[in-house]
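Single-structure report; data block below.
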Amino acid sequence: MPSPFDPSPEVMRSIGEQAIDYVCRFISSRDHAPAADLDGAYELAASLRGSPPDEGADFAQLLKVIDQAAAKAYDTAGPGYLAYIPGGGLFASAIADLLADTTNRFMNISAPAPALVQLEANVVRWLCDEFRLPASSQGILTSGGSMANFSAVVTARETHLREDLRQGKLYVSEHVHHSITKSARLAGLPRSAVRPVPCDSGLHIDMNALRDLVESDRKAGHHPFLVVGSAGTVNTGAVDPLEEIAAFCADRSMWFHVDGAYGGFFQLAESGRPRLQGIEAADSITLDPHKGMFLPYGTGSLIVRDGSLLKAAHHEGAGYLPESSADAQLPDFADYSPELSRDFRGLRVWLPLHLHGVNAFRRALDEKLVLARRVYDALVQSPELDVPWEPDLSIVAFRPSSGGNEAAQRLLDIINDSRRIFLSSTSIEEKQYLRVCVLSHRTDSDRIDEGIEIIQKAAANL
C-alpha cells in the first residue's frame, strides 16, 4: 500500500509543474522587482500566525501564500540588492536540492551512499586545490561561515591548547566578523581570550600592533595560539596583509586562520587572486559558496591544511555507527564536523560547477571587481560624498561630505526609497557609512550605472 505522503504521479507532476512555473516567473521578474519591499510586511506576517490545519490544503493556495510572503522582503536574489553580502541563488542549486531532498540519502558518513559522498568529496578537494593546499588537506561543507569559523577555532584550540584554555589568546582585527568572537566563546574560551588588534588607515590589521600585543601577552605568561586574518571584511571589504600574517604565525608556531567567507572566492578570478596573496599559507580558510559562488543560503565551507588536525578536533566514535572509512579520498565528513545528520550540501555545489563550468564563475567574479571599481571611480568624483577607501574587493563605503550621521541615514533612506537598489550601512569609528556590495550574479553594468546615478542624485539633493 502506498504511503499517504506519496501523491500519485499525476499529482506530483501537477505540483511540480506549478512550482517550476513559479520559479520561472520569479527568476524572470527579478530585473523589474523592487530591490526591497517591506510595505505591509509585518502586517502580512501577523496575518500568517497560527498552527497548521488538521486537514490538508490545495497546493496552489499554499504556493500563493509563499509567493506573497517572499515578495515582502529584501530581494536578496535581485540585481539591485547591494546591501550586506548578496546571495543570488542559482537555479541549478535549487534543482540539486530538489534531487537531494527527494533521494534523501545520508551523506555525512560514506558507507550509506559512497558514490554520492564522492561527489561532495570532489567539491572539497577542488576547493583545497584552488587554494593550493597540500594533499594532506581536508574540509567540510557547513551551513555558513559562522559554523566554519567555529570549527576552525575549535581545531586551533585543540591543536595548540588541548584542554588548558586558561592562558590561550587569539588575535583579530577590529573589523573581524562577529562570528569569530562568538566562536571563541562557544569553544569554551573566556571573552578576555579574544584580543582585538588596531587597524591601519586602510582598515587592515596593523602588523606592528599585532607584534607588540603578542609579545606583551607572551611576557605576561599567556599562550598566543591563533591569528585570524580577513579576506574581505564585511564593513569595507578590506583584505588583511595575509602574507605577513602567515610568516608571523609560522615564526611563532601559531595557527593562522583566514575568514574568507565574503571575499575568499575571488581567488578564482584572475584579477582577484593577486589581492589574496598569502591565503594559500593559511592553516584554515573559511569560504561561503552562498556568497562568492552565488549559491543558496546555507552553503558554507572550511578547508584545513592538515586534515588530520581537523579530524582530531571533531572525531567521536560510537558502537552504533558504521565502520569508519579507510579511504582518505572518501571521508566520513561527520568525523571532521560538529554535525552527524545534515542535508546533502555537496550536490548544490557540484551540479552548478559541472553544469556551467568553473570558468563561468571565474568570469563572473572578475566582473564584480570591475563593477565595484566603477562605483568607486564615479563616487570619488562626487564633491557631496566622502569615499575614503579604495576597494580591495567589491565593497565601496561612502558617506555625505557634511551633515554627520543624520545626513548619512537620510541619504540611505532616499537611495533605498528608489527601490531600484538597496544599500546597507555600517558604523566605523562612530561614523555611519553606506555600503555598496557588488556580489550578485544578476548585478550587471546597467544596474550599477543606474545605481550610481541614484546615489549621486540623492547626494546632490540631500
Side-chain angles (χ1 to χ4, degrees), residues 30-39 41 73-88 174-175 199-204 232-239 262-263 367-440 442-462:
R30 288 311 88 203
D31 188 57
H32 58 266
D37 182 4
L38 294 179
D39 292 347
Y74 298 167
D75 187 10
T76 51
Y81 187 76
L82 306 170
Y84 304 105
I85 309 294
E174 293 176 319
H175 297 277
C199 290
D200 61 22
S201 59
L203 305 186
H204 314 101
T233 61
V234 175
N235 276 342
T236 63
V239 177
Y262 151 59
E367 179 199 35
K368 303 314 158 194
L369 294 174
V370 169
L371 293 178
R373 185 70 201 196
R374 183 182 298 192
V375 172
Y376 174 80
D377 288 344
L379 298 190
V380 79
Q381 298 299 321
S382 301
E384 301 88 359
L385 297 175
D386 176 23
V387 192
W389 304 289
E390 288 192 46
D392 285 352
L393 296 173
S394 70
I395 294 176
V396 180
F398 65 95
R399 70 194 311 267
S401 298
S402 60
N405 289 346
E406 289 185 4
Q409 184 60 51
R410 287 199 306 273
L411 180 59
L412 181 64
D413 292 341
I414 294 169
I415 292 168
N416 288 345
D417 282 347
S418 74
R419 295 198 173 196
R420 292 295 293 166
I421 61 171
F422 186 75
L423 308 186
S424 61
S425 66
T426 188
S427 178
I428 301 174
E429 297 177 351
E430 300 184 354
K431 295 180 180 179
Q432 183 176 356
Y433 287 87
L434 284 64
R435 298 166 63 262
V436 175
C437 182
V438 186
L439 201 59
S440 171
R442 296 188 175 101
T443 301
D444 58 14
S445 58
D446 289 345
R447 186 59 62 102
I448 287 299
D449 289 343
E450 182 182 359
I452 291 170
E453 184 178 351
I454 289 169
I455 294 169
Q456 291 177 327
K457 183 178 179 180
N461 296 321
L462 190 63

| request: Evaluate side chain to side chain contact (heavy atoms under 4.5 Å, CB included) for L203 paired with T233, printing each intermediate quantity in order. | output: CA-CA 9 Å; L203 305 186; T233 61; 5.9 Å; no

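- With sequence neighbours excluded, the residues forming a side-chain hydrogen bond (donor to acceptor under 3.5 Å, both in side chains) with D413 are Q409, listed by chain and number.
- Nearest heavy-atom pair across G202 and A238 is O-CB, 4.0 Å.
- Put simply, the side chain of L385 reaches to within 4.5 Å of the side chain of L411, judged on heavy atoms.
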Using a 3.5 Å cut-off and no angle test, enumerate the donor-acceptor pairs between side-chain atoms of residues 421-429 and protein atoms at least two apart in sequence or in another chain.
residue : atom : partner : partner atom : Å
S424    : OG   : Y84     : N            : 2.9
S424    : OG   : R435    : NH1          : 2.8
S425    : OG   : Q432    : NE2          : 3.1
T426    : OG1  : N235    : OD1          : 2.5

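- With sequence neighbours excluded, no residue satisfies side-chain hydrogen bond (donor to acceptor under 3.5 Å, both in side chains) with D444.
- In terms of heavy atoms, L393 sits closest to G232 at CD1-CA, 3.8 Å.
- Contact check for D31 versus R447: side-chain heavy atoms found under the 4.5 Å cut-off.
- Looking only at side-chain heavy atoms (C-beta outward), I395 and I85 come within less than 4.5 Å of each other.
- Here the side chain of R442 pairs a donor or acceptor atom with the backbone of A77 at under 3.5 angstrom.
- Distance alone, capped at 3.5 Å, is enough to place a donor-acceptor pair between the K368 side chain and the T443 backbone.
- S440 contributes no side-chain N or O that, together with a main-chain N or O of G88, makes up a donor-acceptor pair within less than 3.5 Å.
- Residues satisfying the side-chain hydrogen bond (donor to acceptor under 3.5 Å, both in side chains) test with S382, not counting sequence neighbours, are Q456.
- In this structure, the separation between CD on E450 and CZ on R420 is 4.0 Å, given to the nearest 0.5 Å.
- In this structure, Y81 has no side-chain hydrogen bond (donor to acceptor under 3.5 Å, both in side chains) partners at least two apart in sequence or on a different chain.
- You'll find the side chain of V436 reaches within 4.5 Å of the side chain of I455, heavy atoms only.
- By the ring pair (Phe, Tyr, Trp, His ring centres under 6.0 Å) test, Y262 is found to be paired with no residue, residues two or more places apart in sequence or in another chain being considered.
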Sequence neighbours excluded and cut-off under 3.5 Å, please list the side-chain donor-acceptor pairs for residues 370-378, or say none.
residue : atom : partner : partner atom : Å
R373    : NE   : D377    : OD1          : 3.1
R373    : NH1  : E390    : OE1          : 2.7
R373    : NH2  : D377    : OD1          : 3.4
R373    : NH2  : E390    : OE1          : 3.4
R374    : NH1  : D449    : OD1          : 3.1
R374    : NH1  : D449    : OD2          : 3.2

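- For the ring-ring contact (aromatic ring centres under 6.0 Å, His included) condition, the pairs that include at least one residue of residues 381-401, sequence neighbours left out, are W389-Y433.
- Residues passing the side-chain contact (heavy atoms from CB on, under 4.5 Å) test with D37 are P34, D39, K72, R419, sequence neighbours excluded.
- Distance CG/N416 to CD1/I454: 10.0 Å, rounded to 0.5 Å.
- Scanning for side-chain contact (heavy atoms from CB on, under 4.5 Å) contacts around A460 gives E384, with sequence neighbours left out.
- Sorted by first and then second residue, the salt bridge (Lys or Arg N to Asp or Glu O under 4.0 Å) pairs involving residues 391-400 (not counting sequence neighbours) form an empty list.
- The salt bridge (charged side-chain N to carboxylate O under 4.0 Å, His left out) check on D417 picks up nothing, with sequence neighbours excluded.
- Taking all atoms of both residues into account, the shortest heavy-atom contact from S394 to L439 is OG-CD1, 4.4 Å.
- When all heavy atoms of A407 and S402 are compared, the closest pair comes out as CB-O, 3.7 Å.
- For the pair S401 (side chain) and P383 (backbone), a donor-acceptor distance under 3.5 Å is present.
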